Amino acid sequence: MSKKKTIRDINLTGKTVLVRVDYNVPFRPGTTQISDDSRIQATLPTIRYLLERKCKVVLVSHQGRPNGQVVEEMRMKPVAERLSALLGINVIQAPGGVGSEVTRAVLALPPGGAAMLENIRFMPGEEKNDPKLAAELASLADVYVNDAFGTAHRAHASTEGVAHKLPAVAGLLMERELEMLGSALDPPKRPFTAIVGGAKVSDKSAVLDRLAQRVDAILIGGGMAATFLKANGLSVGSSPVEDERVASTAKFMDRIRFGNTSLLLPVDVVVADAFAEKAHHKTLSAEKIAHGWRIMDIGPETAALYELQIRKSQTVLWNGPMGVFEWEPFSHGTVRIAKALAGLKGATTVLGGGSTAEAVEKLGLASKMTHVSTGGGASLEFLEGRTLPGVAALLDA
Ligand code: ADP
Ligand code: MG
């Protein structure tokens with residue numbers, strides 16, 4: 001991808017600037033309390049740069065997957081409040097995504113003021129990249145800045161469509177992500193290991209397939225391990241399995257077996273009798289999961305095997321926690337992987353994903369990594385060499 005213009009390359013003084021940010025922050029399970037604000041922190045340099053130049057800053061983000069309708073617990077309110085506290089100014093909460101009242105709120109902003117639009121995925125046009133929504137967003141501002149690296153792999157109205165309707169440049173976070181990810185793995189030092197976990201296979205299956213062609217080993221953890229184990233013919237008890245993914249996962253494993261990439265699955269797991277912090281739990285062989293029990297973490301033998309593979313590696317890419325790390329009894333797998341990466345000397349370690357970054361942040365190990373990306377899927381797609389539509393749409397440098 002060619003180099004892109006950034007906010008440093010154009011004159012922005014006094015302009016109204018629409019800034020796409022990725023404030024899809026993790027909440028404490030079952031609440032709207034932000035458990036990790038690194039994605040907000042990461043955008044502060046861009047926002048401060050604009051405020052210092054007396055811009056009117058209009059922020060737009062999504063949160064969660066409301067699928068085109070208003071979902072109360074996915075409002076941007078807690079994020080706007082946190083951002084206000086971090087910036088030390090009152091970030092106005094616009095009464096919606098677009099529309100006349102939103103336009104009025106933006107017009108009322110003083111130079112050096114900031115407003116945040118409501119969760120843009122409340123609008124059905126966002127994920128459809130509806131040109132009408134893109135035009136309405138564009139009508140709010142003079143310039144568009146994309147600082148949402150984490151969403152740049154999606155061609156949505158606020159990430160791609162709008163970029164064709166205004167002068168469009170990269171923010172400072174976007175610039176840094178592209179530089180860091182671009183240099184870290186070009187070319188990767190080998191052995192090259194990818195660690196993939198997190199909630200669901202469906203989030204990552206496309207990426208897994210293409211990663212498998214580049215890396216020497218893939219280590220699987222998280223909730224998605226259940227789908228892999230089931231595809232391998234094991235019983236996974238009451239673990240949620242994406243049934244429609246079992247056949248494609250089995251095929252994926254077959255393809256891997258014929259290639260040069262090794263695939264490691266959990267050999268033991270921590271299971272619980274409910275999805276709860278205080279649920280009864282135990283560690284057992286991945287072959288012995290009984291009905292009524294569900295996988296919550298990788299077990300210690302698995303962690304030891306994964307540590308061995310990590311210690312052999314010169315490049316490690318990690319996306320997705322190994323277990324429900326937010327709850328202490330199910331955090332050990334993720335902690336061991338994070339420590340193994342932090343302990344590597346001279347290797348390149350690149351992490352992506354909101355929860356993965358949160359886990360490493362919590363352990364105070366982020367500074368031991370080569371790069372902690374704010375993007376999960378976006379960082380993986382970029383590292384596979386795919387064009388990110390949200391980046392491609394920006395002006396070339
Ligand atoms: P990232 O944000 O790093 O890209 P994901 O969004 O894919 O990662 O997944 C993160 C979530 O996956 C975390 O909230 C974690 O609790 C959850 N998770 C991990 N392992 C399991 C599991 N075994 N069962 C249910 N959820 C899990
Ligand atoms: Mg996530």
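All values below come from the heavy atoms of this structure, side chains included, with hydrogens, waters and symmetry mates left out. The structure displayed is predicted, hence computed values, not measured ones. Numbering of ligands and ligand atoms starts at 1, following listing order.
- Not a single heavy atom of Trp327 sits closer than 4.0 Å to an atom of ligand 1.
- Between the side chains of Arg28 and Gln33, a donor-acceptor pair is found at a separation under 3.5 Å.
- Between the Asn232 side chain and the Leu234 main chain, no donor and acceptor come within less than 3.5 Å of each other.
- Using a 3.5 Å distance cut-off with no hydrogens or angles, the side chains of Glu177 and His371 do pair a donor with an acceptor.
- On a distance-only criterion, Phe275 and ligand 1 share no N/O pair closer than 3.5 Å.
- The protein heavy-atom contact nearest to atom 26 (N) of ligand 1 is Val324 CG2, 3.7 Å.
- Between the side chain of Ser373 and the backbone N or O of Gly352 there is no donor-acceptor pair closer than 3.5 Å.
- The closest protein non-hydrogen atom to atom 21 (C) of ligand 1 is Gly223 N, 3.2 Å.
- For ligand 1, one of its N or O atoms has an N or O atom of Ala199 under 3.5 Å away.
- Both the sub-6.0 Å distance and the 45° axial angle are not jointly satisfied by Arg386 relative to the ring of Phe382.
- Considering only non-hydrogen protein atoms, atom 15 (C) of ligand 1 sits nearest to Glu326 OE1, 3.6 Å.
- Within ligand 1, the atoms closer than 4.0 Å to a non-hydrogen atom of Gly222 are 20 (N), 21 (C), 23 (N), numbered from 1 in the order shown.
- For atom 4 (O) of ligand 1, the closest non-hydrogen atom of the protein is Asn319 ND2, 3.2 Å.
- For ligand 1, the atoms closer than 4.0 angstrom to any heavy atom of Thr356 are 1 (P), 3 (O).
- Comparing Ala357, Ser355, Gly150 by heavy-atom distance to atom 11 (C) of ligand 1, the nearest is Ser355.
- Residue Arg294 places no N or O, backbone or side chain, under 3.5 Å from any N or O of ligand 1.
- Side-chain N/O atoms of Thr193 and Tyr306 include no donor and acceptor closer than 3.5 Å.
- Listed by chain and residue number, Glu81, Gln93 satisfy the side chain to side chain contact (heavy atoms under 4.5 Å, CB included) test with Lys77 (two or more places apart in sequence, or in another chain).
- Judged by distance alone, the side chain of Asp147 and the main-chain N or O of Val21 form no donor-acceptor pair under 3.5 Å.
- Between the side chain of Asp268 and the main chain of Glu301, a donor-acceptor pair closer than 3.5 Å is present.
- Each of the following atoms of ligand 1 lies closer than 4.0 Å to a heavy atom of Ile295: 22 (C), 23 (N), 24 (N).
- Formation of a donor-acceptor pair under 3.5 Å by the Thr159 side chain with backbone atoms of Arg154 is found in this model.
- Heavy-atom separations between Glu358 and ligand 1 are all 4.0 Å or longer.
- Near Gly353, meaning under 4.0 Å from one of its heavy atoms, ligand 1 places the atoms 1 (P), 2 (O), 3 (O), 4 (O).
- Each of the atoms 4 (O), 5 (P), 7 (O), 8 (O) of ligand 1 lies under 4.0 Å from some heavy atom of Lys204.
- For ligand 1, the atoms lying closer than 4.0 Å to a non-hydrogen atom of Gly354 are 1 (P), 2 (O), 3 (O).
- Among protein heavy atoms, atom 19 (C) of ligand 1 sits closest to Gly323 O, 3.1 Å.
- Judged as a ring-ring contact (aromatic ring centres under 6.0 Å, His included), the pairs with a partner in residues 273-304 (not counting sequence neighbours) are, in order, Phe275-Trp327, His281-Phe330.
- Here the heavy atom of the protein found nearest to atom 8 (O) of ligand 1 is Pro321 CD, 3.6 Å.
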